[in-house]
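Chain naming here is simple, since letters A, B, ... match the order of the sequence lines and numbering starts at 1 in each. The model shown is predicted, which means the values in this text are computed figures rather than measured ones. The figures that follow rest on heavy atoms only: side chains count, while hydrogens, waters and symmetry mates do not.
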Amino acid sequence: MAEPFNKPLMRDYWAKYRWRTYVIITTAQAATMFVIIGVMELFGIVHVGWIGLLIATLLASLALNLVTVTLVHIIGRPFRDLVQAIVLVAGEPTSASPPNPNHYEYDNDGFKEILQTVYELAARETKIEQPPAPTLDATVQAGLANMNTGIVFMDGDMNITYYNEAAPVQPDTDGKPALAVYFPEDDTLEKWLTKTVQNKLTADHQWTRVADRLPGEKDRRIFDIAASYSKKSSAETVIVFLNRTHDYMPEEDDLDFISFAAHELRGPITVIRGYLDVLADELQPVLHNDQSELMERLIVASNRLNSYINNILNAARYDRRHLKLHLSEENVQQIYDQIADDMQMRASTQNRVLVTDIPPTLPTVAADANSIGEVIGNLIDNAIKYSNEGGLIHVVARPTPGFVEVSVTDRGIGMPNNVIANLFHKFYRSHRSRETVAGTGIGLYICKAIVSSHGGSITARSVENEGSTFSFTIPIYDTVADKIKAGNNSNLALIEHGSGWIKNHSMYRG
Amino acid sequence: MPIKTILVIEDDRFIGEMYVRSLKKAGYEVDWMVGGNDGLIAARNKKYDLILLDIMLPERRGSEIMDALRGDKDLIPGTKVIIITNFEQDEESRMAMESGADAYLIKAEITPKKLLDVIANLG
């Protein structure tokens with residue numbers, strides 16, 4: 001047992017090498033300086049005296065030493081990383097993090113491939129040396145089997161080699177055990193593992209509120225999940241499922257309350273909006289201009305109230321992973337047409353000019369029309385709020401590779417860069433917006449939730465006192481048509497028929 | 001086939017009256033029932049081109065009416081059904097849709113003017 005510790009440790013090599021290099025280079029430089037200045041003294045070219053010669057040599061050495069340290073640090077970096085990578089893949093204990101082959105300095109000179117090869121060779125070796133599925137001691141196995149916490153072991157190919165009864169595991173289409181939980185689309189276990197295997201030797205990750213069944217389905221369980229990865233271990237990935245259904249279910253009941261509250265609020269709103277619609281139509285011939293304007297303001301206010309309720313309901317659903325999409329082939333112009341009158345009225349009653357530029361040649365998109373209408377409505381509402389009287393608001397749609405991008409631009413008060421980073425957080429309101437405009441800070445949060453659930457992204461650009469542009473993308477229908485058709489045109493069907501732990505999750509909002 | 005006759009099954013009197021007023025003004029022949037039982041009886045007594053069906057109804061819920069209508073095989077063909085509710089993403093509405101409804105509308109989102117557009121497109 002003691003033998004390995006008598007051997008020099010590989011991890012210490014770089015430090016020794018670096019010091020030896022400093023000493024050799026600095027000594028060589030000092031000797032060279034001494035000889036050159038000494039010869040110059042001998043031939044009478046300089047007159048520093050022997051003490052001066054020693055001082056000059058010492059000073060020059062010190063100065064050159066600084067240069068040497070810097071040069072060794074820069075020139076020696078690949079060698080240092082190579083040593084570090086070998087130390088890590090050899091399994092020698094070290095606190096150093098694995099060198100990253102994707103470091104920008106290694107992009108073009110081939111060193112990236114050298115590091116990757118080291119990692120790949122190590123992984124290959126693991127496969128050869130790895131024993132068959134780990135055998136568990138009978139006591140350990142009995143202990144794990146009786147736990148209420150789910151435990152899953154995976155090998156290097158992400159195959160499940162062990163799972164206990166509490167783990168949410170179901171046979172996949174090939175009859176092999178597979179995890180049966182709905183990870184968030186942008187943070188699945190597979191995505192995390194794929195990235196980790198490439199770049200790390202050990203890593204941990206956690207997820208909260210991951211369900212094994214859809215809302216409303218019987219025996220639904222909700223887990224907090226922790227995964228640990230360790231390259232070359234006989235159980236490379238260990239996943240622990242902490243069943244927190246009892247903690248999270250009351251929040252699901254809260255959602256029922258929110259849904260009922262929304263239902264109750266929507267009743268009077270239906271009446272107000274409906275009767276205003278009827279009145280505006282029937283009274284149109286007799287109303288004076290200023291009375292028509294008052295009527296329009298009433299309509300705008302009731303429409304906005306309805307939007308607020310939708311935002312609250314959507315945010316509550318999204319937070320509890322209950323938000324659903326019904327994706328179908330949609331035309332961006334037709335989506336906008338559904339909200340066009342409302343938006344035009346919202347802009348005109350607040351003296352803004354709303355202009356749209358949606359080319360008829362745009363490809364169709366895979367979208368939940370109502371949800372995308374809500375996103376555009378929220379962005380236009382924001383543009384109205386944060387722009388000035390008479391300001392222009394420009395809604396533009398254009399194709400980008402694989403997506404259609406919709407942008408809403410205003411020439412309003414804009415915002416500084418530090419605000420943009422936080423814009424899409426729930427209830428975030430910048431100091432300035434709190435002072436100038438009323439609002440809750442929930443609109444952009446739900447915009448991001450809806451857009452990312454479509455597989456798109458949302459961004460903001462802004463210049464203070466000049467204005468802002470919010471842009472979001474939605475996938476072109478053809479790029480996801482097969483997936484949607486396979487699910488019988490309904491996201492719900494897609495999920496219910498999904499057999500894996502990553503499949504089709506993108507169709508499920510939140 | 002163009003829609004001429006409409007049965008509205010809606011328990012909220014304000015909302016029911018609003019739909020009836022707009023639909024009649026647009027030239028449709030409209031009957032309005034408040035309760036689930038009366039609604040089902042009306043749907044069985046007369047052949048309507050369209051039924052506007054609320055989900056949360058007294059006596060008999062919209063989804064039950066939908067099931068009963070689906071059971072009457074000679075009733076559903078030729079009669080379109082639009083589910084109107086202020087519940088969204090709930091299981092009952094989804095089941096009603098799967099029972100053969102032609103559309104599912106959130107009442108707060110659909111003003112009478114928009115409802116007329118939907119009906120015109122349905123016909």
Side-chain angles (χ1 to χ4, degrees), chain A residues 214-217 255-256 258-282 299 302-303 305-310 313-314 316-317 322-326 337-339 341-342 368-371 373-374 377 488 490-493 496 508-510, chain B residues 8 10-27 30 32 34 52 54-58 61-63 82-101 103-121:
Chain A
L214 293 170
E217 283 188 333
L255 183 62
D256 284 343
I258 295 169
S259 295
F260 270 96
H263 175 262
E264 294 304 302
L265 286 168
R266 276 175 165 169
I269 288 174
T270 306
V271 174
I272 294 168
R273 292 187 73 196
Y275 279 103
L276 282 172
D277 193 47
V278 171
L279 281 176
D281 192 39
E282 293 185 5
I299 293 171
S302 63
N303 290 354
L305 183 59
N306 188 44
S307 303
Y308 292 147
I309 290 170
N310 286 341
L313 197 53
N314 283 337
R317 286 201 184 108
H322 275 239
L323 201 56
K324 296 170 197 166
L325 285 177
H326 293 272
D337 284 346
Q338 292 297 315
I339 59 166
D341 291 346
D342 183 18
D368 179 311
N370 285 342
S371 300
E374 284 167 17
N488 197 23
S490 152
N491 67 310
L492 227 51
E496 284 165 357
Y508 194 65
R509 302 204 301 193
Chain B
V8 178
E10 164 65 66
D11 67 317
D12 186 307
R13 291 188 180 275
F14 287 3
I15 296 175
E17 202 170 311
M18 177 178 84
Y19 290 148
V20 171
R21 183 187 175 104
S22 298
L23 292 170
K24 279 189 174 167
K25 204 169 169 233
V30 189
W32 169 28
V34 173
L52 286 183
D54 189 15
I55 291 289
M56 286 262 283
L57 288 167
R61 299 176 74 86
S63 50
I82 297 180
I83 304 290
I84 46 168
T85 176
N86 267 329
F87 272 115
E88 204 179 341
Q89 301 193 354
D90 71 317
E91 198 60 14
E92 210 171 341
S93 307
R94 189 166 75 91
M95 280 161 60
M97 276 303 286
E98 283 171 2
S99 297
Y104 164 81
L105 303 175
I106 303 295
K107 287 189 267 189
E109 303 289 346
I110 297 291
T111 57
K113 208 184 292 176
K114 282 191 180 172
L115 180 66
L116 292 176
D117 288 344
V118 172
I119 293 173
N121 287 330

Nearest heavy-atom contact between Arg273(A) and Glu109(B) is NH1-CA, 3.6 Å

- Message: Val278(A) vs Arg21(B), test: side-chain contact (heavy atoms from CB on, under 4.5 Å). Steps then yes/no.
- Response: CA-CA 9 Å; Val278(A) 171; Arg21(B) 183 187 175 104; 3.6 Å; yes

For Pro112(B) and Gly274(A), the nearest pair of non-hydrogen atoms, with its separation, is CD-CA, 3.5 Å

Turns out that what part of Ile309(A) lies under 4.5 Å from chain B's heavy atoms comes down to neither

Applying salt bridge (Lys or Arg N to Asp or Glu O under 4.0 Å) to Arg266(A) and not counting sequence neighbours gives Glu88(B)

Whatever's closer than 4.5 Å to a heavy atom in chain B on Asp341(A) counts as neither

Across all chains, not counting sequence neighbours, the salt bridge (Lys or Arg N to Asp or Glu O under 4.0 Å) partners of Asp12(B) are none

With Asp277(A) as partner, the option from Lys25(B), Lys114(B), Lys113(B) fulfilling salt bridge (charged side-chain N to carboxylate O under 4.0 Å, His left out) is Lys113(B)

Nearest heavy-atom approach of Phe14(B) to Tyr275(A) is O-OH, 2.8 Å

To the nearest 0.5 Å, atom CG of Asn303(A) lies from atom OG1 of Thr111(B) at 8.5 Å

Given Asn86(B), Ile110(B), Ile15(B), the one with more heavy-atom pairs under 4.5 angstrom with chain A than any other is Asn86(B)

So, the part of Asn310(A) with a heavy atom under 4.5 Å from chain B: the answer is side chain

